Amino acid sequence: MGARSKARRRALDILFESELRGLPTGGTLADREAVGPPMNEYTAVLVHGVAAHSDEIDAAISEYAVGWTLDRMPAVDRNLLRIGVYELRYRPDVPNEVVLSEAVAMARELSTDDSGTFVNGVLAAIAGAGHRETR
């Protein structure tokens, strides 16, 4: 597993834990940085990016996840989508194909039998809409 793949996995863990504990998006990042092994810089970039753009990210997911509300999605899928949308929209250095491939692989490994297809469909639709920011 590559360094960015590990960073995405760790970012997912942080976002999932923060949500589970009822904390703000990425609220457990500081705890993880203080007590854990050194964190890959890209993990922090992802968590901070998702937190900074959470309203726009959730709006995009809600728009393209036809028939699904954010609350109804499995938490793993919801947070994978958040990372994926952040990368698609705010990380022009990451090719869309990589974003989709990584998110789908994690969904298949960590979530429901249908999650890979679901995550792929939502992210592919968002990628096709082509709204990249340069911030």
Side-chain angles (χ1 to χ4, degrees):
M1 183 181 292
R4 283 212 168 171
S5 296
K6 289 178 185 175
R8 287 179 186 95
R9 178 79 175 252
R10 189 111 188 245
L12 175 63
D13 291 345
I14 292 165
L15 294 171
F16 181 86
E17 180 185 357
S18 298
E19 185 176 307
L20 187 67
R21 292 176 56 192
L23 299 172
T25 302
T28 58
L29 179 62
D31 293 344
R32 292 275 185 106
E33 289 175 320
V35 297
M39 186 173 300
N40 180 306
E41 181 182 333
Y42 197 62
T43 298
V45 166
L46 291 172
V47 173
H48 288 300
V50 169
H53 301 285
S54 62
D55 291 340
E56 298 96 357
I57 289 169
D58 284 354
I61 295 168
S62 295
E63 179 180 349
Y64 289 95
V66 179
W68 287 85
T69 63
L70 284 167
D71 291 339
R72 193 170 154 232
M73 292 175 197
V76 170
D77 296 3
R78 181 173 45 250
N79 286 294
L80 278 173
L81 287 169
R82 287 173 173 154
I83 293 168
V85 172
Y86 170 72
E87 286 188 300
L88 287 172
R89 292 214 167 158
Y90 301 99
R91 297 297 306 196
D93 59 315
V94 182
N96 289 357
E97 297 79 18
V98 172
V99 174
L100 271 68
S101 175
E102 292 277 329
V104 170
M106 283 196 290
R108 286 185 177 143
E109 178 185 349
L110 302 171
S111 197
T112 70
D113 291 342
D114 297 326
S115 291
T117 303
F118 174 71
V119 167
N120 184 63
V122 174
L123 290 179
I126 292 170
H131 299 286
R132 280 234 185 211
E133 300 288 330
T134 55
R135 290 186 243 165

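Quick caveat, the model's predicted, so the values are computed rather than measured.
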* In chain order, what residues pass the salt bridge (charged side-chain N to carboxylate O under 4.0 Å, His left out) check against Arg21, with sequence neighbours excluded? -> Glu17, Asp31
* With sequence neighbours excluded, what pairs up with Glu102 under the salt bridge (charged side-chain N to carboxylate O under 4.0 Å, His left out) test? -> Arg8
Kindly compute the distance separating [atom1] ([X]) from [atom2] ([Y]), expressed to the nearest 0.5 Å.
{"X": "Ser101", "Y": "Met106", "atom1": "OG", "atom2": "CE", "result": "10.0 Å"}
{"X": "Leu46", "Y": "Glu41", "atom1": "CG", "atom2": "CD", "result": "11.0 Å"}
{"X": "Asn79", "Y": "Glu19", "atom1": "CG", "atom2": "CD", "result": "5.0 Å"}
{"X": "Ile126", "Y": "Glu63", "atom1": "CD1", "atom2": "CD", "result": "8.0 Å"}
{"X": "Leu80", "Y": "Arg9", "atom1": "CG", "atom2": "CZ", "result": "9.5 Å"}

* Mutual orientation of the aromatic rings belonging to Tyr90 and His53 [parallel < 30°, tilted 30-60°, perpendicular > 60°] -> parallel
* Might you work through the side chain to side chain contact (heavy atoms under 4.5 Å, CB included) test for Asp58 and Ile61, ending with a clear yes or no? => CA-CA 5 Å; Asp58 284 354; Ile61 295 168; 4.2 Å; yes
* **Residue pairs, two or more places apart or on separate chains, that pass ring pair (Phe, Tyr, Trp, His ring centres under 6.0 Å) and touch residues 2-30** => none
* Given the rule in the side chain to side chain contact (heavy atoms under 4.5 Å, CB included) test, do Arg89 and Ile57 qualify, once you have shown the distances and angles that lead to the verdict? -> CA-CA 9 Å; Arg89 292 214 167 158; Ile57 289 169; over 6 Å; no
* **Side-chain (Arg108) to main-chain (Gly116) donor-acceptor, under 3.5 angstrom** => no
Where is the tightest heavy-atom contact between [X] and [Y], given as atom of each residue plus distance?
{"X": "Ser111", "Y": "Asp77", "value": "OG-OD1, 2.7 Å"}
{"X": "Leu70", "Y": "Arg78", "value": "O-NH1, 2.5 Å"}
{"X": "Gly84", "Y": "Val99", "value": "O-CG1, 3.5 Å"}
{"X": "Ala11", "Y": "Thr43", "value": "N-CG2, 3.7 Å"}

* Is the closest side-chain heavy-atom distance between Ser115 and Val76 below 4.5 Å? -> no
* Asked: Any side-chain heavy atom of Val94 within less than 4.5 Å of one from Tyr42?
  -> yes
* Asked: Is the shortest distance from a Lys or Arg side-chain nitrogen in Arg4 or Glu87 to a carboxylate oxygen in the other one below 4.0 Å?
  -> no
* Structure fact -> Paired with Leu100, the side chain to side chain contact (heavy atoms under 4.5 Å, CB included) test is passed by just one of Leu88, Val122, Val119, namely Leu88
* Between Tyr86 and Val45, does a side chain to side chain contact (heavy atoms under 4.5 Å, CB included) hold up when you go through it step by step? -> CA-CA 10 Å; Tyr86 170 72; Val45 166; 4.0 Å; yes
* To do: Treating Ile, Leu, Val, Met, Phe, Trp and Tyr as nodes and any side-chain heavy-atom pair under 4.5 angstrom as an edge, say whether Val66 and Leu81 lie in one connected cluster.
  => no
